[in-house]
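Here the structure is laid out as C-alpha cells; the discussion comes afterwards.
Naming convention: chains lettered A, B, ... in sequence-line order (proteins, then strands); numbering from 1 in each chain.
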Protein chains: 2
Amino acid sequence: MNDLLVILKSISDRNRLRILSALLVHEELCACQITEFLQVAGATASKHLSQMVTAGVLSKRKQGRWIYFRLNRDNPDLSPLFEWVNARISGTKQAKKDMCTLKQVLEIPCEELSQNQRESGRCSTS
Amino acid sequence: MNDLLVILKSISDRNRLRILSALLVHEELCACQITEFLQVAGATASKHLSQMVTAGVLSKRKQGRWIYFRLNRDNPDLSPLFEWVNARISGTKQAKKDMCTLKQVLEIPCEELSQNQRESGRCSTS
DNA sequence: TATACATTTAGCTAATCGTCGAAATGATAG
DNA sequence: CTATCATTTCGACGATTAGCTAAATGTATA
C-alpha cells in the first residue's frame, strides 16, 4: 500500500503530471529539455524527476553529458495506469498546449538549452 | 487535465486511499463508520470524504440520520482506476489489517459509534 | 414545533511540499 | 590532469494540507 501511495503521489502534482504526459508522447527526454518545458529552475525539475524515478514511474539513462528520462516500461503493473492517464489527459487544453511547447523545445539542441539555463540565473557583471 | 489532477490528489493521501480500499470491499459505509475505521476526528473524516466526492470518486446518499458513501460507479471512466488500485492494494499488509478492523467496526451499530465519537472529545465534569 | 444529533464548516497549528539560488558532485572533453 | 558543465544536493522560504477543537447546520424524531 505504501508503494502504491508513493506512485500516486509521484504523479499527483501538476508539473509531474505534465512530465508524465510529455513522456507518454515523446519516449525520451533529457533533464534540460524537461526543465525548459516546465519553465522551472533546474533544481526543481531534478527533484520532480528524482521523485518519479524513486517511485518507479520513470527510468533514467546517461548518455554523454546528458541524462535521459523515460517511462519505466519494465514494470508491467504500471502500463494500465499509463494508459488510463493517457486516455484522460490527451485532448485536454493543457496537454495540447504542452505538446506544442514541447515541440518547440525539441528543436533547440541540448547544448543551447543548458547554456541558456546556466545564464538565466546569474548576476550581471563582476 | 485539472480534473485528472483532482482525482489523483483525492486518492493520494494515506487515509483517503484507505477509504477507497474499504469501499472497494464494502460497497457502502456511513460517515461514522469511516471515522471509526480511520481513528480520526469526525471533522477530519468528513473533510476527506467531501474531497473525494468533489473529485467524483465517491457518491453520497442520505438515509435517516446517517450519510452513506460509496464508490461513484456512474462514471465508467473511473472503473479502470478502481480496478488498478484494487489489484495493487488488496493483499498488502495494511489492507489486510484494515479489512479486519473494518469488520469489527461494522459489528457496532451506528448509534453506538456516533455516541462514542461524541463522548470522546468532551471535557469531564462541569 | 422543538429538541436531539450526525455531519459539516470555521479557525487554528504543525507538518509537508514546491520552489528557488547557491554550492557540490561527478563525469566528460580537451 | 585539469577545466568544463549537466545534474543533484543543500538550505531556506512561502504555500498548501492534514489534523484538531469548537461552533454551525440542517434534518429527523418526539
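If you check residues 1-15 of chain A against DNA chain C, the residues with a heavy atom closer than 4.0 Å are A:Asp13, A:Asn15, listed by number. The stretch residues 37-50 of chain B touches DNA chain C through B:Gly42, B:Ala43, B:Ser46, each having a heavy atom within less than 4.0 Å of the strand. Of the residues in residues 26-34 of chain A, not one comes within less than 4.0 Å of DNA chain C through any heavy atom.
Straight-line distance from the CD atom of B:Glu112 to the P atom of C:dA6: 12 Å, rounded to whole Å. When the C1' atom of D:dA6 is taken as reference, atom OH of A:Tyr68 falls 11 Å away, rounded to whole Å. Atom-to-atom, CZ of A:Arg118 to P of D:dT8 comes out at 16 Å; the value is rounded to the nearest Å. To the nearest angstrom, P of C:dT7 lies 10 Å from CG of B:Leu113. Atom CZ of A:Arg18 and atom C1' of C:dG18 are 14 Å apart (whole Å). Taking atom CD of A:Glu36 as the reference point, atom P of D:dA6 lies 13 Å away to the nearest angstrom. If you measure from atom CD of A:Gln115 to atom C1' of D:dC5, you get 11 Å, rounded to the nearest angstrom. Atom CD1 of A:Ile108 is separated from atom C1' of D:dA6 by 17 Å (rounded to the nearest Å).
Put simply, the side chain of B:Lys60 does not reach to within 4.5 Å of the side chain of B:Lys62, judged on heavy atoms.
Where B:Gln63 and A:Glu111 each meet DNA chain D at their nearest nucleotide, the meeting point lying more 5' is that of A:Glu111.
Follow the hydrophobic side-chain contacts under 4.5 Å out from B:Leu20 and you reach B:Leu81 in the same cluster. Linking ILVMFWY side-chain heavy atoms closer than 4.5 Å, directly or via other members, places A:Leu71 and A:Ile89 in a single hydrophobic cluster.
Smallest separation of non-hydrogen atoms from A:Cys32 and A:Gln117: O-NE2, 2.9 Å. The shortest heavy-atom contact between B:Ile11 and A:Leu5 is O-CD1, 4.4 Å. Nearest approach of B:Ala95 to B:Ser90, heavy atoms of both residues: CB-CA, 4.4 Å. When all heavy atoms of B:Asn15 and B:Asp13 are compared, the pair lying nearest together is N-OD2, 3.0 Å. Across all non-hydrogen atoms, the minimal contact from B:Asp77 to A:Trp84 is O-NE1, 2.7 Å. Listed here is the closest heavy atom pair of A:Leu106 and A:Gln33: CD2-NE2, 3.5 Å.
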Compile the donor-acceptor pairs under 3.5 Å between side chains in residues 40-59 of chain B and protein atoms, sequence neighbours left out, one pair per line.
from: B:His48; atom 1: ND1; to: B:Arg16; atom 2: NH1; distance (Å): 3.1
from: B:Gln51; atom 1: OE1; to: B:Arg16; atom 2: NH1; distance (Å): 3.1
from: B:Thr54; atom 1: OG1; to: B:Ser50; atom 2: O; distance (Å): 2.9

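Both tests pass for B:Arg18 against the ring of B:Phe37: distance under 6.0 Å to the centre and angle within 45° of the axis.
Inspection of the B:Glu112 and B:Asn116 side chains reveals no N or O donor paired with an N or O acceptor under 3.5 Å.
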Protein-nucleic acid N or O pairs under 3.5 Å, nucleotides 27-30 of chain C:
none

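Among residues two or more places apart in sequence or in another chain, the side-chain hydrogen bond (donor to acceptor under 3.5 Å, both in side chains) test is passed with A:Arg70 by A:Glu27, A:Glu28.
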